[in-house]
Each structure stands twice: as C-alpha cells, then as structure tokens.
Number of protein chains: 2
Amino acid sequence: MSENELNAEHKIIEAAAAVFVEKGYEGARMQQIADKAGINKALLHYYYRSKDLLFEKAFLTVASSIFSKFFDAFNTEGSIFEKIENFLTLHQDLLFKHRKYPVFFFNEITRKPELIKKLISRLDVSEKFEKLSQQFEQEKRDGIIRSDIEVPHLMVNIVSLSVFPYIGRPIIQEIMSEFDVSYEKFLDERRSMIAQFVINSIKA
Amino acid sequence: MSENELNAEHKIIEAAAAVFVEKGYEGARMQQIADKAGINKALLHYYYRSKDLLFEKAFLTVASSIFSKFFDAFNTEGSIFEKIENFLTLHQDLLFKHRKYPVFFFNEITRKPELIKKLISRLDVSEKFEKLSQQFEQEKRDGIIRSDIEVPHLMVNIVSLSVFPYIGRPIIQEIMSEFDVSYEKFLDERRSMIAQFVINSIKA
DNA sequence: ATACAATTTAACCAACTGGTCAAAAGTATA
DNA sequence: TATACTTTTGACCAGTTGGTTAAATTGTAT
C-alpha cells in the first residue's frame, strides 16, 4: 500500500469528514460520502454500521487532531505573553486552513453534547488545563499580569477573539463590504491585534 | 380575534421559528412545525408554499427583531463606556433568553449567506453603523480612547466576547465542570467582566 | 489448485420527506 | 337562504434516505 493509495477504511473517514463539515450531520448524504471516497455505499455500512457511528468516528478523529495541537502551543519556551502569541498564531493558521470547521464543530456539539465527553476523555484535557491554569496563576503572583484577572475568563476571551470572525464571517464580511473593507485584510490585521488587545488588558 | 388566539399565519411563523432554531433547517420537519402550530401540514404550504420560503420568513422575522434591538442600545445618553455597558447588558439579556439562537443563526447564514443581504437590507444597517463608527472616531480624537484602536476590530471584539460563551457552551461547560466551576455563575461573572476587559484595553 | 475468509458490489427495501389536490368547513355578502 | 370566497383538512404521491442482503470478487494461506 503506497502512501497516497489509502485503504478503504481511511478513505471513508477522510471523505466523511469533508462531507460532514461541508453539509453538517443532517445535510450530509451517505451516497455523497461514498462517491467522494470512490466506493460503494454498502461499504460504508460494512465498515461503520450506521451514519451515526461514521459521523462520530470522523468527528472525533478530526477534532482530536486539531485540539491536541492547541495545547502544544502553550508548551513552548518564553514568557506568558509569548505563549499567548504562539497559541494565537497556531490557532489562526488552523482557522485559515479550515474555515468551515468552527461553525460545523459548534453546531454539532450543540446538537449532540455527548460528543464533547468522548472528545475530552480522548485527549488528556483535565491535566493539560490544570498545568496551564497554574502557569497563569504564577504570573499573577509574580506581578506580571494583573491580579484581578480570572484565568478561566481570560482563556475564553482569547479563544473568543480568535475564532469568532470565522463563525460570524458571512455577516461581518457583508457589513464591512459596505464600507469597502477587505475581509482578508481584516483577518490578517487581527493576527497581531488580538494579542495586543489581550496583553493590553491583562498586563499589570 | 383575541390577543393570545393568534391567526394561523402568525402561529405558523412562531412554531416554525421554534422548530428551526431547535433542529436547524435540515433537521426540521414540516410535520413537526404543523403539530406545534396545531394545524394541518397542508396549511403550511397554503400560506408559505415551501419549506425554503417558510424558513426564510421565520428566519428574517426573528433575526430582524433581535438585531434592531442591538442598535438601540447605542442610541442612549452617556459616555462611550456607558454605551458599551448598555449594549453588553442588552446583548447578554437576549442571549440568556435565547440560548440556542446564536449557534442556529451562524450555522444558517453559513449554509446560505444570501440570508444576510436580505437581513441587512431590512434593517438600515449601513446608516446605523456609519453613525456608530463616527462616534468611536470622535472619542479617539477627544483622547478618551486610545488613538490606535481600529473601530471595526473593536466592534467585532465586543460581540465576540459577549456571544462566544453561548456558542461554545457545551465544551466550555464540560471543561469547567471538571474544575467544579458553575457555568451559570461563569456567565453571570462575564456580564461585568467583559465591559471591564474591553474598557481596560481601549481607554487612553 | 483449493478452501476459506475478507472485501466489494448491484439490487433492493421500508420508512420518511416535502409537497399536492380535491373536497369539506367556515365566513361574508346579496 | 343561496352564492361566492377563503381557510382547513385527510388522503395521497413521487422522490429520497439510511440501511440490508445475497452474490460476486479479491486476497490469502495451505
């Protein structure tokens, strides 16, 4: 088996992920997934039994791969400000590469919240967040960031600012186009702006 | 016709909006909408021809009602900081009341971006944003907010911070539950935190 | 070459979906 | 009350959907 001639099992997951992200669970069709994978529809059921199980497998595969990268960004050398910048660079790169993923992801976990428990138990989220949280608390004690900063809020703020322009893209882009602002340029500006905005608001 | 005995046309829109928000366009069933409205399925088509047209009518009705309120918050007396606080209070009240709306809204406009043009032309968005933008620029010239603040980014930042905890609720809530943080409390804390966070980062 | 298991397919199916239609029920007008 | 209209309904339909099955094909070990 060569590297680009994947086996059916793997081809199916790739095709399923692409179709599910594009159309959502309800809008996706098993036939379309089979076509994209270049196989017969019955083979989908041979390997993954049902649409539900195929979705879960594809969802968890892609989500695990993406989320595990997020934590890596904080396991780098440097100050807390540099780490925030590292995370945002990685986050923005991934968002740029997978523009449709955020809306898909948040829609599906809202439709079926059990997915989150399965995703979290795959990655070692608790432990990683614990470390991250302690790091922020240390920076507070060291007087590097403001002592009234609540760490959970700060983390949510950083992700919010980074991901929302991709979730709300159609409406923000349309409004901005009326003011002749290019959305590509807008997104690019945000790369440095967000870090600046966050750091401004937390530095002691 | 009494006030709570609505006519069929109106009952249908209310039922449609509820089912569409709950299940999304693809997941919603005409039969379920008819049941919720307490009428026959054929009557849906009698009034609104097709699922597509019914969806568009229900979507635009609800979205227009919500969005028009947003602009009101900025047409109040007081400093720019008070206006930001006003907007965030209203925004958070609406989000609390319609928790499932954001994910529905952003999913549907991603699926069908034409909806945005129709929504924007209904409200007088261009004019309202122009006014709002000029107001921010004036505050910059008056030295009340930092002169390097880009207004479009600031507006997106404010909305991002406010709405994201409702979009990402399932995953944030699950992670926080592992650290014994109540999500209700977390959302409540954000009401004052967001305004503080934004003002910290823009005040001159 | 043969037997056996794993993979892949074409054909099929029952359930469901959005949508139609002709008839019935209701309502106003003369 | 007879007439013309709008509103509401039950029954129905064609197309689509996820899923099944038995047979064919391929791979593999003996």
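Proteins get letters first, then strands, A, B, ... in listed order; numbering begins at 1 in each. We use all heavy atoms of the structure for the numbers below, so side chains are in, but hydrogens, waters and symmetry mates are not. Owing to the predicted nature of the structure, the values given are computational and were not obtained by experimental measurement.
- Partner of B/Phe106 under the ring pair (Phe, Tyr, Trp, His ring centres under 6.0 Å) criterion, chosen from A/Phe164, A/Phe104, A/Phe106: A/Phe164.
- Distances were taken from every side-chain heavy atom of B/Leu43 (C-beta onward) to each of D/dT8, D/dG10, D/dG18; the shortest belongs to D/dT8.
- Residue A/Arg29 has a polar side-chain atom (N or O) positioned under 4.0 Å from OP1 or OP2 of D/dG18.
- Cation-pi geometry between A/Arg111 and A/Phe105 is not met at under 6.0 angstrom from the ring centre and within 45 degrees of the axis.
- Backbone-only contact: B/Ile39 has heavy atoms under 4.0 Å from sugar-phosphate atoms and none from a base.
- Between B/Tyr46 and D/dT6, a side-chain N or O to OP1/OP2 separation shorter than 4.0 Å is absent.
- If you look at A/Phe59 and A/Phe20, their ring centroids are not closer than 6.0 Å.
- Residue contacts shown for A/Ala28 are limited to sugar-phosphate atoms, with no base heavy atom under 4.0 Å away.
- Along DNA chain D, the nucleotide nearest to B/Gly38 and the one nearest to A/Lys41 differ in position, and the one closer to the 5' end is contacted by B/Gly38.
- A straight line from CG of A/Asn40 to P of D/dT26 spans 15 Å, rounded to a whole angstrom.
- Closest to the side chain of A/Lys51, from the set C/dG18, D/dG10, D/dG18, is D/dG18.
- In this structure, the side chains of A/Val156 and B/Arg190 come closer than 4.5 Å at one or more pairs of heavy atoms.
- Within 4.0 Å of A/Tyr47, counting heavy atoms only, lie sugar-phosphate atoms of the nucleic acid but no base atom.
- Listed nucleotides D/dG10, C/dG19, D/dG19 differ in distance to B/Ala42; the shortest reach to its side chain belongs to D/dG10.
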